[in-house]
Novice: 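Supplied in structure tokens, the structure appears directly below.
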Amino acid sequence: MPNQARPSTGEQAKQLALGQLRQAILRGEMAPAQRLVENELAEQFGVTRASIRAALIDLESQGLVERIRNRGSRVRVVTVEEAVAITECRLVLEGLCAAKAAVAVSDEQLAELKELGTAMRKAVAGGEPLVYSDLNHELHARIREFSGQLTAVELLERLNAQLVRHRFQLALRPGRPQQSLNEHLAMIEAIEARDPQAAEAAVRAHLTSVIEALRD
């Protein structure tokens, strides 16, 4: 969108800044602890400081930004301990979603999960950890979507957004994608069998493995 077509004030401007800041954090373009200077961001996005400030308040409520007294805002640093606690919550919620997806999934949706599994195999075989990480993220998102459990989906989107840095670090750890691949394929197989108990157990086993990897 050309700068002159962008709203510089009001709710639209805040939403514009909010969306772009959120995506920059989720893509890793803004590093943990990076200072978020309102004047610079306002100039970058072509909006007012007030719009940036309102967007930062929203991002703080989402757990992506933290405000340091007398020092302004920065990208929130999520410690290993916090990442483990978040993943423990994910374990329960994603297990629920997998169980529901195993009951509700359509043949077309199942084919999509199997295609993702095939692509994940290729990414691991080709030594492409970041591609694998994106596919991993997509698989979890699809299972949540297919579950129809909208409350769990909303909670998980907030939780997962806080784990971006740790997700990338695990993806780049030698041997981790290979281990993770088998865990994800087990999730797909359980959903394909339309076995809710097995699907939930597979997700719990996978995220227990993630917690162990975070603690290593």
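All values below come from the heavy atoms of this structure, side chains included, with hydrogens, waters and symmetry mates left out.
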Novice: Is a salt bridge present between E115 and K122, judged by a nitrogen-to-oxygen distance below 4.0 Å?
Specialist: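 K122 and E115: not salt-bridged.
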
Novice: Mind checking what makes side-chain contact (heavy atoms from CB on, under 4.5 Å) contact with E29, not counting sequence neighbours?
Specialist: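 Partners of E29 by the side-chain contact (heavy atoms from CB on, under 4.5 Å) criterion, ordered by chain and then number, come out as A24, R27.
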
Novice: Applying salt bridge (Lys or Arg N to Asp or Glu O under 4.0 Å), which residue pairs with at least one partner in residues 145-169 are found, sequence neighbours left out?
Specialist: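 Salt bridge (Lys or Arg N to Asp or Glu O under 4.0 Å) check on residues 145-169 returns R142-E145.
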
Novice: Can L16 and Q20 be said to form a side chain to side chain contact (heavy atoms under 4.5 Å, CB included), step by step?
Specialist: CA-CA 6 Å; L16 171 71; Q20 294 193 3; 3.4 Å; yes

Novice: First locate atom OG of S133, then atom CG of L172, and finally report the distance between them rounded to the nearest 0.5 Å.
Specialist: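 Answer rounded to 0.5 Å: 8.0 Å.
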
Novice: Find out whether E94 and N160 are in side-chain contact, i.e. whether some heavy atom of one side chain is under 4.5 Å from a heavy atom of the other.
Specialist: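 Yes - at least one pair of side-chain heavy atoms lies under 4.5 Å apart.
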
Novice: Kindly give the heavy-atom pair with the smallest separation between L159 and C89, and that separation in Å.
Specialist: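 Heavy atoms of L159 and C89 come nearest at CD1-CB, 4.0 Å.
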
Novice: Are V65 and R76 packed together at the side-chain level, in the sense that at least one heavy-atom pair is separated by less than 4.5 angstrom?
Specialist: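 Answer no - side chains too far apart.
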
Novice: Measure the shortest side-chain to side-chain distance between T87 and H166 over non-hydrogen atoms and say whether it is less than 4.5 angstrom.
Specialist: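 A side-chain contact under 4.5 Å is absent here.
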
Novice: Is a donor on one side and an acceptor on the other found under 3.5 Å between the side chain of Q15 and the backbone of Q12?
Specialist: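 Flag not set: sc Q15 to bb Q12 has no pair under 3.5 Å.
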
Novice: Taking all atoms of both residues into account, what is the closest heavy-atom pair of P129 and A171, and its distance?
Specialist: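 The pair with the smallest heavy-atom distance is CB-O, 3.2 Å.
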
Novice: Hey, could you give me the NZ/SG distance between K100 and C97, rounded to the nearest 0.5 Å?
Specialist: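 Here the rounded value is 9.0 Å.
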
Novice: Between A99 and P196, which heavy-atom pair has the shortest distance, and what is it?
Specialist: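 In terms of heavy atoms, the two residues are closest at O-CB, 3.4 Å.
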
Novice: What residues form a salt bridge (charged side-chain N to carboxylate O under 4.0 Å, His left out) with E43, not counting sequence neighbours?
Specialist: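 If we apply the salt bridge (charged side-chain N to carboxylate O under 4.0 Å, His left out) test to E43, skipping adjacent residues, there are no hits.
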
Novice: Indicate whether the side chain of R144 and that of Q149 have a donor and an acceptor atom separated by less than 3.5 Å.
Specialist: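 No.
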
Novice: Contact between E200 and R204 at the side-chain level, heavy atoms closer than 4.5 Å - yes or no?
Specialist: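 Contact flag for E200/R204 side chains = yes.
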
Novice: Give a yes or no on whether L96 and M187 share a hydrophobic cluster (residues Ile, Leu, Val, Met, Phe, Trp, Tyr; joining criterion: side-chain heavy atoms under 4.5 Å apart).
Specialist: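 Different hydrophobic clusters.
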
Novice: Within this structure, what is the OG1-CG distance for the pair T208 and L91, rounded to the nearest 0.5 Å?
Specialist: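 If we round to the nearest 0.5 Å, T208:OG1 and L91:CG are 4.5 Å apart.
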
Novice: So, using salt bridge (charged side-chain N to carboxylate O under 4.0 Å, His left out) as the criterion, who are the partners of R67 when residues are at least two apart?
Specialist: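 If we apply the salt bridge (charged side-chain N to carboxylate O under 4.0 Å, His left out) test to R67, skipping adjacent residues, there are no hits.
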
Novice: May I ask you to check whether over 12 heavy atoms, not counting those of R194, lie within 6.0 Å of atom CZ?
Specialist: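 Yes - once you tally the heavy atoms of other residues, nucleotides and ligands closer than 6.0 Å, there are more than 12.
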
Novice: Do you reckon L156 sits in the same ILVMFWY cluster as V203, going by side-chain contacts under 4.5 Å, direct or chained?
Specialist: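 Cluster IDs for L156 and V203 differ.
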
Novice: Do L21 and L56 make a side-chain contact, defined as non-hydrogen atoms from C-beta onward lying under 4.5 Å apart?
Specialist: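 They are in side-chain contact.
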
Novice: Compare every heavy atom of L130 with every heavy atom of F168, then report the nearest pair and how far apart it is.
Specialist: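 Here F168 and L130 meet closest at CD2-CD2, 4.3 Å.
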
Novice: Could you check if a side-chain atom of Q62 sits within less than 4.5 angstrom of a side-chain atom of R22, using non-hydrogen atoms only?
Specialist: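 Q62 reaches R22 side chain to side chain.
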
Novice: Residues two or more places apart in sequence or in another chain: which of them pass side-chain hydrogen bond (donor to acceptor under 3.5 Å, both in side chains) with D195?
Specialist: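 With neighbours one apart ignored, the set is empty.
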
Novice: Does S180 reach the main-chain N or O of R176 with its side chain, forming a donor-acceptor pair under 3.5 Å?
Specialist: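 Side chain of S180 to backbone of R176, a donor-acceptor pair under 3.5 Å: no, none is there.
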
Novice: Do L113 and F146 make a side-chain contact, defined as non-hydrogen atoms from C-beta onward lying under 4.5 Å apart?
Specialist: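 When only atoms from C-beta onward are counted, F146 and L113 do touch, with a gap below 4.5 Å.
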
Novice: Please list, chain by chain and in numerical order, all residues satisfying side-chain hydrogen bond (donor to acceptor under 3.5 Å, both in side chains) with T118, sequence neighbours excluded.
Specialist: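 Per chain and number, T118 pairs via side-chain hydrogen bond (donor to acceptor under 3.5 Å, both in side chains) with no residue.
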
Novice: Taking atom CG of L18 and atom CD of E11, what is their separation to the nearest 0.5 Å?
Specialist: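 Between atom CG of L18 and atom CD of E11 there are 9.0 Å.
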
Novice: Could you note down all residue pairs passing ring-ring contact (aromatic ring centres under 6.0 Å, His included) where residues 82-133 supplies at least one of them, sequence neighbours left out?
Specialist: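 Every candidate ring-ring contact (aromatic ring centres under 6.0 Å, His included) pair involving residues 82-133 fails, so no pair, neighbours aside, qualifies.
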
Novice: Check M30 against L36 and note the closest heavy-atom contact, atom names and distance.
Specialist: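 Shortest heavy-atom contact: SD-CD2, 3.7 Å.
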
Novice: Could you grab the distance from atom CE of M120 to atom CG of L116, nearest 0.5 Å is fine?
Specialist: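 It comes to 7.5 Å.
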
Novice: L181, I191: one ILVMFWY side-chain cluster at the under-4.5 Å cut-off?
Specialist: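 Yes; I191 is reachable from L181 via cluster members.
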
Novice: Using the ring-ring contact (aromatic ring centres under 6.0 Å, His included) rule, collect all pairs that involve residues 68-108, keeping only residues at least two apart or in two chains.
Specialist: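 As it turns out, there is no ring-ring contact (aromatic ring centres under 6.0 Å, His included) pair with a partner in residues 68-108 once direct neighbours are skipped.
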
Novice: Pairs in or reaching into residues 104-126: which pass ring-ring contact (aromatic ring centres under 6.0 Å, His included), with residues at least two apart or in two chains?
Specialist: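 Sorted pair list comes back empty.
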
Novice: Within the side chain of Q109, is there an N or O that forms a donor-acceptor pair under 3.5 Å with the backbone of S106?
Specialist: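 Checked: pair present.
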
Novice: Any pair with a residue in residues 186-216 that passes ring-ring contact (aromatic ring centres under 6.0 Å, His included), sequence neighbours left out, goes on the list, sorted by first then second residue, please.
Specialist: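 Checked against ring-ring contact (aromatic ring centres under 6.0 Å, His included) - neighbours excluded - the pairs reaching residues 186-216 are H140-H206, H184-H206.
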
Novice: Side chains of V78 and V164: closer than 4.5 Å at any heavy-atom pair?
Specialist: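 Of all side-chain heavy-atom pairs linking V164 with V78, none is under 4.5 Å.
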
Novice: Residues two or more places apart in sequence or in another chain: which of them pass side-chain hydrogen bond (donor to acceptor under 3.5 Å, both in side chains) with E66?
Specialist: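 E66 satisfies side-chain hydrogen bond (donor to acceptor under 3.5 Å, both in side chains) with R74 once adjacent residues are dropped.
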
Novice: Who passes side-chain hydrogen bond (donor to acceptor under 3.5 Å, both in side chains) against E192, sequence neighbours left out?
Specialist: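 Per chain and number, E192 pairs via side-chain hydrogen bond (donor to acceptor under 3.5 Å, both in side chains) with K114.
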
Novice: Does a side chain donor of either E40 or Q44 reach within less than 3.5 Å of an acceptor in the other side chain?
Specialist: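 Short answer, no.
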
Novice: Any link between V131 and L185 through a network of hydrophobic side chains (Ile, Leu, Val, Met, Phe, Trp, Tyr) touching at under 4.5 Å?
Specialist: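 Yes, same cluster.
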
Novice: Where is the tightest heavy-atom contact between A98 and I143, given as atom of each residue plus distance?
Specialist: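 Taking every non-hydrogen atom into account, CA-CG2, 3.8 Å.
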
Novice: Do D58 and K14 sit within salt-bridge range, that is, some charged N less than 4.0 Å from a carboxylate O?
Specialist: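 Salt bridge between D58 and K14, a charged N being under 4.0 Å from a carboxylate O: yes.
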
Novice: Measure the spacing between OG of S73 and CD of E60 and express it to the nearest 0.5 Å.
Specialist: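 Those atoms lie 7.0 Å apart.
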
Novice: Indicate if I188 and V105 have the same hydrophobic cluster label, given that clusters are the connected sets of ILVMFWY residues with side-chain heavy-atom separations under 4.5 angstrom.
Specialist: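 Result: yes, single cluster for both.
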
Novice: State whether the side chain of T48 and the backbone N or O of S51 hold a donor-acceptor pair below 3.5 Å, judged by distance alone.
Specialist: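 Answer holds: yes.
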
